[in-house]
Amino acid sequence: MQFLKNETNIQFMSKRRLAAAFSAILIIASITSLVVQGLNFGIDFTGGTMIELGYQEQVDLNQLRSDLTEGGYPDATVQNFGSIYDVLIRLPVIETQNMAQLSNEVVSMLQAKNETEIDVRRVEFVGPQVGEELTEQGGLAMLYALFGILIYVSLRFEYRFAIGSVVALVHDVVLTLGFFSLMRIEFDLTVLAAILAIIGYSLNDTIVVFDRIRETFLRMRKGGSEEIVNRALNDTLSRTMMTSLTTLLVVLALFSFGGEVIHAFSIALLLGIVIGTYSSIYIASNTILTMGISKEDLLPPVKDDDENANPDGSQV
């Protein structure tokens, strides 16, 4: 913790081109994965039935899949849920069958093939129309959030700062979605909520950095733009580290002890905190430097009265 108390002099922006190349590679890989295989949407978006069952002994998933195939459900997906005794079964929408009855039929069929009693933990059903609406509304929610942020930062800061903040937020969202696509982690409503939380967290961090950059530009009379941005980033480093580390501790607790229900949610938040901290330094700040930010851009406009005034304050 002594490191956080000392004044640092890290030359962050000396590595900005390397960081930009690294981020570009990750973004290309993320977009490629999203285009080629897309996201592994949960039933919140695709529609279908989810059945969580509890067994009294270890479950043979291969045998369970065979039983479901023989019973007429070859498209069912089966996985352990939290422990080797708990199973999660997902069934796609079957238009010719009542989905409420379907869950009862599946449980009855599996109970007939099992000697011990099966505990039905929960049954969830989402219709296909609801799933399509959630997909559309979820995408619009992210777009509206980014657009609103662009307007807010444009009003509070210079336009280069607004563009830098939105570039950083798009970077964070694309990388998080790309990771979920590449690793085939289920994308459901809790993950969408985490994405929106990531946008808010990353924006807060970026605005703190931008505030200090603006103050440092106006305070330092000498030095180039890169040197001034480095000074501002070092001034906010202790705050950034403390905020990120304490938030990570909470999310790690959710990841470790929260169970399977919020497993994907906590993964998204973990990624978002790490990527958001990185992007505030190497994406947002890098963008405003690339766009040529300078002290003159941040000075208040000169009034006509000021132009006509002598150095002693009297009018010409």
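Note that these values count all heavy atoms, side chains included, but never hydrogens, waters or copies made by symmetry.
Across every non-hydrogen atom of Ala76 and Leu91, the tightest pair is CB-CD2, 3.2 Å. When all heavy atoms are compared, the tightest approach of Gly276 to Ser202 is CA-OG, 3.9 Å. Nearest heavy atom pair, residue Ser30 against residue Leu175, reads OG-CD2, 3.6 Å. For Ala194 against Phe265, the heavy-atom pair with the smallest separation is CB-CD1, 3.7 Å. Here the closest heavy-atom approach between residue Thr216 and residue Ala232 is recorded as OG1-CB, 3.6 Å. Contact detail for Thr206 and Ala284: the closest heavy-atom pair is CG2-CB, 3.7 Å.
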From CA spacing to verdict: salt bridge (charged side-chain N to carboxylate O under 4.0 Å, His left out), Arg219, Asp235: CA-CA 13 Å; Arg219 186 180 73 247; Asp235 288 344; 3.7 Å; yes
Candidate pair Glu226 and Arg16, rule side-chain contact (heavy atoms from CB on, under 4.5 Å), full reasoning: CA-CA 10 Å; Glu226 184 172 315; Arg16 64 191 184 96; 3.8 Å; yes
From CA spacing to verdict: side-chain contact (heavy atoms from CB on, under 4.5 Å), Leu64, Val87: CA-CA 10 Å; Leu64 194 56; Val87 174; 3.5 Å; yes
Check against salt bridge (charged side-chain N to carboxylate O under 4.0 Å, His left out), Arg90 and Glu186: CA-CA 12 Å; Arg90 292 183 177 86; Glu186 184 178 286; 2.5 Å; yes
Steps toward side-chain contact (heavy atoms from CB on, under 4.5 Å) verdict (Val123, Met50): CA-CA 6 Å; Val123 177; Met50 183 169 62; over 6 Å; no
Working for side-chain contact (heavy atoms from CB on, under 4.5 Å), residues Asp119 and Leu53: CA-CA 6 Å; Asp119 180 23; Leu53 303 176; over 6 Å; no
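No side-chain N or O of Thr49 forms a donor-acceptor pair with one of Ser103 less than 3.5 Å apart. In this model, a donor atom of one side chain and an acceptor atom of the other lie less than 3.5 Å apart for Gln37 and Ser33. Checked by atom type, the side-chain pair Gln11/Asn230 shows a donor-acceptor distance below 3.5 Å. Under 3.5 Å, the side chains of Tyr201 and Ser244 contain a donor-acceptor pair of N or O atoms.
Transitive grouping of hydrophobic side chains (ILVMFWY, heavy atoms separated by less than 4.5 Å) keeps Leu182 and Phe180 in distinct clusters. The same ILVMFWY cluster, assembled from side-chain heavy atoms under 4.5 Å apart, contains both Ile31 and Ile195. Using a 4.5 Å cut-off between side-chain heavy atoms of Ile, Leu, Val, Met, Phe, Trp and Tyr, with links allowed through other members, Ile185 and Val35 fall into the same hydrophobic cluster. In the hydrophobic clustering of ILVMFWY residues, with side-chain heavy atoms under 4.5 Å counting as a link, Leu26 and Ile28 come out apart. No path of Ile, Leu, Val, Met, Phe, Trp and Tyr side chains, each step under 4.5 Å between heavy atoms, connects Val250 with Ile267, placing them in separate hydrophobic clusters.
Here Arg239 contributes atom CZ and Thr243 contributes atom OG1; the two are 4.0 Å apart, rounded to the nearest 0.5 Å. Of the inter-residue distances, the one linking Thr287 atom OG1 with His171 atom NE2 reads 9.5 Å to the nearest 0.5 angstrom. Rounded to the nearest 0.5 angstrom, Ile118 CD1 and Thr116 OG1 are separated by 7.0 Å. Distance check: Asp172 CG to Ser23 OG gives 9.5 Å after rounding to the nearest 0.5 Å. Of the inter-residue distances, the one linking Met242 atom CE with Thr247 atom OG1 reads 10.0 Å to the nearest 0.5 angstrom. Atom NZ of residue Lys15 and atom OH of residue Tyr282 lie 8.5 Å apart, to the nearest 0.5 angstrom.
In this structure, Ile84 shares a hydrophobic cluster with Tyr85, the cluster being traced through Ile, Leu, Val, Met, Phe, Trp and Tyr side chains under 4.5 angstrom apart.
Of the residues listed (Asn286, Val229, Asn234), the one engaging Phe12 in a side chain to side chain contact (heavy atoms under 4.5 Å, CB included) is Asn234, and it is the only one. Checking Ile275, Leu269, Ile199, Leu270 one by one against Thr176, the side chain to side chain contact (heavy atoms under 4.5 Å, CB included) holds for a single residue, Ile275.
No side-chain heavy atom of Ile51 sits less than 4.5 Å from a side-chain heavy atom of Leu88. The side-chain heavy atoms of Tyr73 and Glu105, taken from C-beta on, include a pair separated by under 4.5 Å. The shortest side-chain heavy-atom distance between Phe217 and Ser225 falls under the 4.5 Å cut-off. In this structure, the side chains of Val208 and Arg212 stay at 4.5 Å or more apart for every pair of heavy atoms. At a threshold of 4.5 Å between non-hydrogen side-chain atoms, the residues Val209 and Phe161 do not count as touching. Considering only heavy atoms from C-beta on, Met109 stays 4.5 Å or farther from Asn114 through its side chain. Between Ser285 and Ile213 the shortest side-chain heavy-atom distance falls below 4.5 Å. Between Asn104 and Val107, every side-chain heavy-atom pair lies at or beyond the 4.5 Å cut-off.
Applying the side chain to side chain contact (heavy atoms under 4.5 Å, CB included) rule to Ser108 yields no partners; only residues at least two apart in sequence or on another chain are considered.
Using a 4.0 Å cut-off between a side-chain N of Lys or Arg and a carboxylate O of Asp or Glu, Asp60 and Arg65 do not qualify as a salt bridge.
With a 6.0 Å radius and a threshold of 12 heavy atoms from other residues, nucleotides or ligands, Glu57 has its CD atom above the threshold. Remark: Arg17 CZ is loosely packed, at most 12 non-hydrogen atoms of other residues, nucleotides or ligands lying under 6.0 Å away.
Judged by distance alone, the side chain of Arg121 and the main-chain N or O of Glu52 form no donor-acceptor pair under 3.5 Å.
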